[in-house]
Chemist: 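What follows is a structure written as C-alpha cells; I'll ask about it next.
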Amino acid sequence: MSESITFDLPIAGMTCASCAGRVERALNKVSGASAVSVNLATEQARVQAPSDSLPALMAAVQQAGYSVPAHSLELSIDGMTCASCVGRVERALGKVPGVNSVSVNLANERAHLELFGQVDPQNLIAAVTKAGYNATLWEADQPHADDHSRALRRERWALLLAIVLALPLVLPMLVEPFGLHWMLPTWLQFALATPVQFILGARFYVAAFKAVRAGAGNMDLLVALGTSAGYGLSLYSWATASAGQMPHLYFEASAVVIALVLLGKYLESRAKRQTASAIRALEALRPERAIQVIDGQERDVAISALRLHDLVLVKPGERFPVDGEVVEGQSHADEALISGESLPVPKQPGDNVTGGAINGEGRLLVRTLALGAETVLARIIRLVEDAQAAKAPIQKLVDKVSQVFVPAVLLLALATLLGWWLYGAPLETALINAVAVLVIACPCALGLATPTAIMAGTGVAARYGILIKDAEALERAHEVSAVVFDKTGTLTSGAPRIAHLKAVDGDESRVLQLAGALQRGSEHPLAKAVLDACAERQLPVANVSDSQALTGRGIAGTLDGRRLALGNRRLLEESGLSAGGLAASALEWETEGRTLSWLIEQSPEPRVLGLFAFGDTLKTGARQAVQQLAARHISSHLLTGDNRGSAKVVADALGIQDVHAEVLPADKAAAVAELKKTGVVAMVGDGINDAPALAAADIGIAMGGGTDVAMHAAGITLMRGDPRLVPAALEISRKTYAKIRQNLFWAFVYNLIGIPLAAFGFLNPVLAGAAMALSSVSVVSNALLLKTWKPRDLEDN
C-alpha cells in the first residue's frame with residue numbers, strides 16, 4: 001500500500017454545517033482515509049489517506065453533491081530525451097499532493113498539470129529536479145522562440161565540432177573498400193576521440209547520472225554505457241598491446257556514435273520546431289502596439305495600455321490589434337490565418353473585427369471589445385496548444401512499453417555479452433555486440449511518434465480554421481460512421497430569405513417594391529429579407545406615410561393614396577379577404593414549413609396583391625459536405641427542433657434520408673445516444689440547445705460563429721460556418737491518426753529488427769548509431785508530411 005499523506009481539498013458548494021458533515025462522512029468512507037476534518041469557513045477538507053487516493057477522494061466529494069475545484073498549470077521541462085523520460089517526469093509530478101493529472105509532451109517539452117487547491121509550483125519543480133530533469137513555469141508571453149533558436153544554434157555547433165573530430169577516425173574505414181589500408185596513430189585517435197567522448201558527450205553522462213540517481217534509465221544511459229564501453233575497451237587494448245604492435249581500437253566507434261546521436265538530436269530538434277510552426281504563426285499575428293484615439297488625438301501605445309471600449313485607429317495594411325466593432329470607415333479584412341477564410345471580408349460600421357486579421361484598403365476606427373487572453377486569437381492559440389499537449393489514448397501503449405524498455409535493453413545487452421563470451425568469442429567481440437545493442441535500442445522514436453503527429457496535424461488544421469482541441473476526438477474521428485447535423489445555423493444560414501413570391505397580376509417586381517416600402521425602417525427579420533431582395537434586384541423602395549405596426553398581424557401604411565398592408569393569415573381574414581387563386585400555392589408552401597405573408601390593398605378597393613413565403617436558405621457548401629461524407633460511406637442525419645415541413649425541405653435538398661424534426665433540446669442528446677448504438681457518431685451544431693447533443697456524441701463539432709457554450713462542449717471547433725469544414729475535419733483527423741499508427745509501427749519495427757541484428761553480431765556500433773538516429777528523424781519527418789495537407793473538400797466544384 002502507498003504511503004499515507006495529508007490532502008487539503010478545496011470543496012465548492014458547501015453552504016451550511018450539514019454540508020460539511022455530509023462531506024466529512026463521504027470522505028471517511030474512502031478506503032484508508034483517516035483524521036478527516038472539514039472547515040466550512042475556509043471551504044476545505046483535510047484528510048490523511050494513501051498517496052494514490054486522490055481520485056477516490058474527489059469521487060466521494062462529487063457523490064456527496066459537491067465538487068473539488070481544479071485549475072491547470074504548465075511547466076517547461078528540459079533534459080528529456082525519450083519516452084522513458086516522459087514516463088518518469090509524469091510519475092514524479094503525479095506523486096506531488098494536489099496533482100490530479102499530468103500529461104507530458106516530449107515534442108514540445110512541456111508538462112500540462114490539472115491541480116486542485118493551492119499547490120506550490122516550487123514543489124512541482126523540485127519533484128522534476130529530483131527525477132533528474134530541469135523545470136520552469138511556462139508562460140505564454142515568454143520569448144520561447146528565441147530560446148529555441150539559441151538552443152538549436154548551440155546544438156549545431158556541437159554537431160559540427162563532433163563531425164570534424166570524428167571524421168578522421170572513420171576515414172580509414174571508408175577508404176578501405178578502395179584498397180587503401182592505413183590507420184591513424186593511436187595517440188592521435190585518442191586525442192580526437194577524447195573531447196568527443198567527454199566534452200561533446202558530457203550531456204549524456206550528466207543525464208545518465210541523474211537518471212540512475214533517480215532509480216531509472218533512459219536513452220542517455222544507453223548511449224553513455226555503450227560509448228564508454230567502446231572507449232574503455234580501446235584504452236585497455238592500447239595499454240596491454242605489445243611494443244610496436246598496433247592495438248585493435250574502437251575509438252572511432254564511440255566518437256562516431258556520439259556524432260550520429262548528436263546529428264539525430266539536431267535534426268529532431270529542427271523537425272520538432274517545424275511541428276510547432278502553426279503556433280508560432282498564430283503568435284506572430286499579435287501586434288505589439290496600437291494607435292489609440294482620445295478626443296480626436298492619435299497616439300502610439302503598447303497593447304497592454306489599452307482598455308475595453310477604447311477607440312483604436314487601424315490603417316490600411318495593418319493588423320487589427322484588438323477584437324472590436326467598427327465605428328467609422330469601410331474596408332475589407334483578410335482573416336485567412338485566423339478563420340481559414342481565403343476571401344477578404346467586407347467591414348463597415350457595426351461589423352466586428354478580429355485581432356490579428358489584416359485591414360484592407362480603408363482606415364477604420366474600432367471600439368475595443370476584447371483584449372489579451374479574451375481575444376479570439378488568444379483563445380485559438382490556447383485551443384491549439386491544449387490539443388498539442390494532450391495525449392491520444394493510443395499513447396497509453398507507448399507509456400506502458402517505455403516503463404520497462406530501458407531495463408529490458410540493459411538485460412538484453414548483458415545477455416548478449418555473456419552469450420557471446422560463453423559461446424567462445426573473444427571478450428572484445430562480445431563487448432562490441434553488447435555495445436551495438438545498447439546504442440540501437442533508443443526509445444526516442446517511441447516518445448516522438450504520437451506528439452509530433454498530433455502537433456503537425458492540429459497545426460495544419462488550425463491553418464484552415466479547424467481547431468481540434470481534444471486528442472481523443474482526433475483519434476476517434478477515423479471511426480466515424482454517422483454525422484448528425486443541426487439545421488438552423490449549421491446547414492442553413494439562420495436568417496430568413498424570400499423562398500417563394502407570387503403576384504396576382506404576375507408583376508412580382510412591383511409586389512416586392514410595395515412590400516419593401518412597407519418594411520422600410522423596420523428591424524424585423526422578415527423585413528430585412530424583403531429589403532435584401534429589393535437590393536438584389538436593384539428595385540427602388542419608396543417611403544410610405546402613416547406607417548403602423550399591427551400587433552400580431554403585420555404592418556400597414558399609405559403609398560400614393562392606397563392603404564397597403566403586409567401580414568399573416570389573420571390579417572387577411574380580418575380584412576375580409578380570401579386566398580383566392582393563391583390558395584394552392586399557400587397550402588404547398590405551408591406544407592414545406594414556410595412562413596407566409598400576404599400583401600393586400602385595404603383601400604380604396606380591398607384585394608390581395610401577392611403572397612410571400614419566407615424560409616431559411618441553405619449554406620454554400622452544405623450539399624457538397626453531405627456528398628463528401630456519403631463518398632466516404634458516412635451517413636448524414638438531420639436533427640432539429642423545427643417543424644417537419646421545413647426539415648424535410650432541407651433534407652430533400654441535401655439528400656439526407658434520416659430526419660428527426662420537432663425534437664426538444666433536452667431530447668437531442670437522447671437521439672444522439674440512440675444513434676451511437678450503431679456506430680461512432682459526430683454531432684455538428686452551433687447553438688446553446690445543441691450543447692447537450694455535442695457532449696453526448698462521440699465527437700462534438702461546433703460551428704464557428706455559434707455560441708461559446710457549444711464550442712466548449714465540442715472536441716472540434718470550426719472557425720467559420722462552412723459545412724464543408726466538417727468532412728475536412730474528419731479527413732485531417734483520419735490522416736493524423738494514420739500518421740500516429742505509422743510512426744508507432746516504424747518505432748517498434750526499428751527495435752524489433754535492430755536489437756536482434758545487433759545481438760547476433762550483424763550490426764557494429766557505428767551502423768547501430770546511424771540506425772538509431774535515423775529512427776527518430778524518420779518518425780518526425782513522417783509526421784511533418786501532414787503539413788502538406790489541404791482540405792480538398794473546400795474546393796469549389
Side-chain angles (χ1 to χ4, degrees), residues 1-75 90-104 110-128 135-140 308 371-374 378-379 382-383 385-386 389-390 469-470 688 691-692 695 707-709 711-713:
M1 188 168 179
S2 59
E3 61 175 328
S4 182
I5 62 174
T6 299
F7 290 95
D8 287 315
L9 298 172
I11 310 295
M14 296 190 300
T15 57
C16 59
S18 62
C19 297
R22 191 153 56 246
V23 172
E24 190 169 318
R25 289 191 295 274
L27 291 173
N28 271 312
K29 292 179 182 178
V30 176
S31 176
S34 62
V36 179
S37 63
V38 179
N39 190 322
L40 181 62
T42 61
E43 297 183 320
Q44 278 196 331
R46 172 163 288 189
V47 55
Q48 279 195 333
S51 58
D52 57 0
S53 296
L54 178 58
L57 295 173
M58 296 181 68
V61 172
Q62 291 170 351
Q63 288 173 3
Y66 307 93
S67 63
V68 179
H71 62 280
S72 61
L73 180 144
E74 292 207 353
L75 296 176
E90 287 184 340
R91 290 191 292 275
L93 289 171
K95 293 177 181 177
V96 178
V99 175
N100 184 21
S101 65
V102 187
S103 176
V104 175
R110 282 156 60 184
H112 181 84
L113 299 95
E114 291 294 331
L115 312 172
F116 70 88
Q118 297 298 317
V119 179
D120 188 350
Q122 293 307 315
N123 293 340
L124 301 171
I125 292 173
V128 175
T136 56
L137 283 175
W138 169 270
E139 295 183 15
L308 290 180
L371 290 163
E374 299 307 313
R379 287 158 59 194
R382 281 202 303 272
L383 285 174
E385 285 181 336
D386 289 346
K469 60 174 184 169
D470 185 342
I688 291 176
T707 65
D708 285 344
V709 175
M711 294 171 75
H712 283 302

Chemist: Do the side chains of N28 and V47 get nearer than 4.5 Å, heavy atoms only?
Modeler: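 With C-beta onward as the side chain, the pair stays apart.
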
Chemist: Of all heavy-atom pairs between A49 and L57, which one has the smallest distance, and what is that distance?
Modeler: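 Minimum heavy-atom separation between A49 and L57: CB-CD1, 4.3 Å.
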
Chemist: Counting only heavy atoms not in R46 (residues, nucleotides, ligands), do more than 12 fall under 6.0 Å from its CZ?
Modeler: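 Incorrect, the count does not exceed 12.
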
Chemist: What heavy-atom pair brings P50 and G32 nearest, and what distance separates the two atoms?
Modeler: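 Scanning both residues, the minimum pair turns out to be CD-O, 3.7 Å.
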
Chemist: Could you check L75 against T136 for side-chain contact (heavy atoms from CB on, under 4.5 Å), going step by step and ending with a plain yes or no?
Modeler: CA-CA 6 Å; L75 296 176; T136 56; over 6 Å; no

Chemist: What pair of heavy atoms forms the shortest contact from V104 to E90, and how long is it?
Modeler: N-OE2, 2.9 Å

Chemist: Do V61 and S67 come close enough that some side-chain heavy atom pair is under 4.5 Å?
Modeler: no

Chemist: Go through the structure and list residues passing side-chain contact (heavy atoms from CB on, under 4.5 Å) with Q62, not counting sequence neighbours.
Modeler: none

Chemist: Any idea which heavy atoms bring Q44 and M14 closest together, and the distance?
Modeler: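 Closest pair (atom of Q44, atom of M14, distance): N-CE, 4.4 Å.
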
Chemist: Specify the closest pair of heavy atoms between V38 and A45, including all atoms of both residues, with the distance to one decimal.
Modeler: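 That would be CG2-CB, 3.9 Å.
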
Chemist: Do L27 and L9 have side chains that approach each other closer than 4.5 Å (heavy atoms only, starting at C-beta)?
Modeler: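 A side-chain contact under 4.5 Å exists here.
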
Chemist: Kindly indicate whether the side chain of L115, heavy atoms from C-beta on, has any atom under 4.5 Å from the side chain of L124.
Modeler: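 Side-chain contact under 4.5 Å: yes.
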
Chemist: With R25, which residues qualify under salt bridge (Lys or Arg N to Asp or Glu O under 4.0 Å), at least two apart?
Modeler: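 Listed in chain order: nothing, the list is empty.
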
Chemist: Starting at OG1 of T15, measure out to CG of L40 and round the result to the nearest 0.5 Å.
Modeler: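 It comes to 7.5 Å.
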
Chemist: Closest approach of A135 and I125, non-hydrogen atoms and distance?
Modeler: O-CG2, 3.6 Å

Chemist: Could you tabulate the donor-acceptor pairs under 3.5 Å formed by side-chain atoms of residues 92-101, not counting sequence neighbours?
Modeler:
none

